[in-house]
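Each ligand, and each atom within it, is numbered from 1 in the order the structure gives. Since we're looking at a predicted model, the values are computed, not measured.
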Amino acid sequence: MASPFPTAAELMVEARRMYVQTYGEEAPRMMAVCAPGRVNLIGEHTDYNQGFVLPMALPLVTVMLGSETSDQDVTVTTLNEDADEPRKIHFHLPTDGTPLSPGSPKWANYVKGVIQHYRAPPVPGFRAVICSSVPLGGGLSSSASLEVAVYTFLQQLKPDDKDEISKAVACQQAEHTHAGVPCGIMDQFVSVLGRAGQALLIDCRSMEATPVPLADPKLVILITNSNVKHHLNGSEYPTRRRQCEEAASILGKDSLRDATMKDLEDARDKMDNVTYRRAQHVIKEIDRTVRAAESLKKGEYKEFGKLMVESHNSLRDLYEVSCRELDELVTAAMEVEGVFGSRMTGGGFGGCTVTLLQAHVIDRTILHIQITTPIFTFGNRTSPLPYIFPHLVVSLLQLYLPNCEW
Ligand code: ADP
Ligand code: MG
């Protein structure tokens, strides 16, 4: 089954067309780069607790195409619509070392943040077009794929030391300081280091990544979009992060990665109920993620699926980051025989679910979800979109187009 989404090559053709239309000419030396979005199979809200995560890169990508200019100006146009924000941004690169400060529109902050944290400053002026097949605010990490695409683009203009982990960290810093999201390292890490046909078990403390092969033709990973947009720069995400830090501090640990359930039970009366539940989710989720990676390696998909469902229930009940639409999508998927497991993926409060199932029940599963899931309304608009976002047959995942010069 082919992906219904444009390939990186198709996005690049579209971006090039837009470049000429927007800037009125072809550039003499055109750079084209791309970076993938990701789906997290298990290990949610564990990255900023120094725990484990198990994401895989997707063939949904952000493409950036453009060229250097002779001045200190940056102009970028996006082909993706995000709320009522303008599609074109323009700013001047300070030459006196003044930092690029965040501002409006919101999406410009991802570009500014990456420039600010680029590891071989100063960067030259440039103009470019951005085009992405990753849904914006859908929990598949359009933000990290945008950051990594911008970083990779800058590397074409002015090379850095090419250290991939430092690149991921710089992109994470950009999201912290400029987008206002205190995210963990997972999204940027997998966008830089993810490859087709494998998931990555990432130890977010040591930054070690172990590839877990994921190319069994009998297996399908289905991503469904609740079409509920999340807003991670609101108060919920930072609040969760703070609660985890508080729990770790009560337990006398550097992070919840070092805590066991016994530690938590022993300190039960030293923390409030909410903090206790948040910590319980994180401690158990870290353990589940390591076990899930083992199951996947051994082809024990039933066990993997069971852990996915446990993860979802924990995110719903203990961490309280799910929402009605995500819960309904998971319930619907789990009603189909041949489905191993299903869970919300990403930060939560909307976005997507990820489901692991036997390849031969894919059509039945999609149909069942479509029939049983009521049409969600948000704002005063009923979404005409189907809930099934992409369905991706793992064995058909393609390698990303290498970054190139046109
Ligand atoms: P997610 O990373 O799950 O998609 P986030 O809320 O972290 O959700 O990031 C979404 C935001 O990233 C968008 O609201 C927008 O500001 C920015 N963004 C991502 N991709 C693009 C793009 N191609 N063009 C413009 N803005 C983008
Ligand atoms: Mg994001």
Side-chain angles (χ1 to χ4, degrees), residues 5-6 8 11-12 14-15 18 22 33-40 44-45 47-48 53 55 57-58 60-66 74-89 102-114 128-153 168 171-176 178-191 223 225-238 241 321 323 326 344-354 389-390:
F5 292 90
L11 290 175
M12 282 187 187
E14 183 59 13
M18 266 314 283
T22 309
V33 301
C34 71
R38 62 99 186 96
V39 64
N40 190 21
E44 217 65 76
H45 289 278
D47 59 351
Y48 54 81
V53 290
L58 293 173
L60 304 177
V61 294
T62 298
V63 153
M64 183 166 178
L65 177 144
V74 171
T75 312
V76 186
T77 304
T78 177
L79 271 69
N80 297 90
E81 203 173 341
D82 190 34
D84 296 326
E85 299 213 306
R87 303 258 187 104
K88 192 170 181 179
I89 54 172
S104 171
K106 196 184 99 184
W107 75 269
N109 295 329
Y110 294 90
V111 181
K112 288 179 184 166
V114 173
V129 169
I130 284 167
C131 186
S132 186
S133 56
V134 188
L136 273 53
L140 301 182
S141 209
S142 67
S143 60
S145 72
L146 172 58
E147 289 147 11
V148 174
V150 173
Y151 197 103
T152 312
F153 184 79
C171 291
Q172 179 199 23
Q173 289 303 318
E175 185 136 352
H176 285 197
H178 284 66
V181 182
C183 59
I185 190 66
M186 168 170 67
D187 300 354
Q188 293 79 9
F189 194 109
V190 66
S191 186
I223 298 169
N225 194 344
S226 69
N227 293 319
V228 178
K229 274 203 174 192
H230 64 192
H231 294 286
L232 297 181
N233 59 353
S235 63
E236 296 285 1
Y237 191 95
R241 200 173 167 148
V321 290
C323 62
L326 292 171
M344 55 155 275
T345 185
F349 310 107
C352 294
T353 63
V354 58
F389 194 65

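- For the Mg ion (ligand 2), the N/O/S atoms of Ser143 include one lying under 2.8 Å.
- Interface atoms of ligand 1 facing Gly139, defined by a heavy-atom separation under 4.0 Å, are 3 (O).
- An N or O contact shorter than 3.5 Å links Ser142 to ligand 1 by distance.
- For Pro105, the heavy-atom gap to ligand 1 stays at 4.0 angstrom or more.
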Q | Stepwise ring pair (Phe, Tyr, Trp, His ring centres under 6.0 Å) check, Tyr48 with Tyr237 | A | CA-CA 11 Å; Tyr48 54 81; Tyr237 191 95; 5.5 Å; yes
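- Ligand 1 has no atom lying under 4.0 Å from any heavy atom of Val181.
- Neither the backbone nor the side chain of Asp187 has a heavy atom within less than 4.0 Å of ligand 1.
- Taking SG of Cys131 as the reference point, atom CE of Met18 lies at 9.0 Å (rounded to 0.5 Å).
- Atom OG of Ser104 and atom CD1 of Ile89 lie 10.5 Å apart (nearest 0.5 Å).
- Of the polar atoms of Ala144, none of the N or O atoms is found under 3.5 Å from an N or O of ligand 1, judged by distance alone.
- Note that OG of Ser133 and CG of Leu140 are 10.0 Å apart. Values are rounded to the nearest 0.5 Å.
- The ligand atoms of ligand 1 that sit less than 4.0 angstrom from a heavy atom of Gly138 are 3 (O), 4 (O).
- Of the polar atoms of Lys106, at least one N or O is found under 3.5 Å from an N or O of ligand 1, judged by distance alone.
- In summary, the atoms of ligand 1 found under 4.0 Å from a heavy atom of Ser132, numbered by their order in the structure, are 23 (N).
- Of all the atoms in ligand 1, the ones that sit under 4.0 Å from a non-hydrogen atom of Gly137 are 1 (P), 4 (O), 8 (O), 10 (C).
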Q.
Go through it in stages, so that I can follow the logic: the residues are Met186 and Glu44, the test is side-chain contact (heavy atoms from CB on, under 4.5 Å), and I'd like the CA-CA distance, side-chain angles, deciding distance and then a yes or no.
A. CA-CA 10 Å; Met186 168 170 67; Glu44 217 65 76; 3.8 Å; yes
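- Shortest non-hydrogen contact noted between Ala168 and Gln188 is O-CB, 3.4 Å.
- Contact annotation: for Pro135 versus ligand 1, heavy atoms closer than 4.0 Å belong to the backbone alone.
- By the 3.5 Å distance cut-off applied to N or O atoms, Ser143 is counted among the residues near ligand 1.
- By the side chain to side chain donor-acceptor pair (under 3.5 Å) test, Glu85 is found to be paired with no residue, residues two or more places apart in sequence or in another chain being considered.
- The distance from ligand 1 to the heavy atoms of Ile130 drops below 4.0 Å at these ligand atoms: 23 (N).
- The minimum heavy-atom distance between Ser141 and Ala144, with the atom names listed, is OG-CB, 3.2 Å.
- Heavy atoms of Leu146 come nearer than 4.0 angstrom to ligand 1 in at least one pair.
- Minimum interatomic distance between Val61 and Leu11 (heavy atoms only, all atoms of both residues): O-CD1, 3.5 Å.
- Listed by number with element, the atoms of ligand 1 under 4.0 angstrom from any heavy atom of Leu140 are 3 (O).
- For the atom pair CG of Leu65 and CD1 of Ile130, the computed distance is 10.5 Å after rounding to the nearest 0.5 Å.
- Between Leu146 and Ser132 there is no side-chain heavy-atom pair separated by less than 4.5 Å.
- Under the 4.0 angstrom criterion for non-hydrogen atoms, Gly346 is not in contact with ligand 1.
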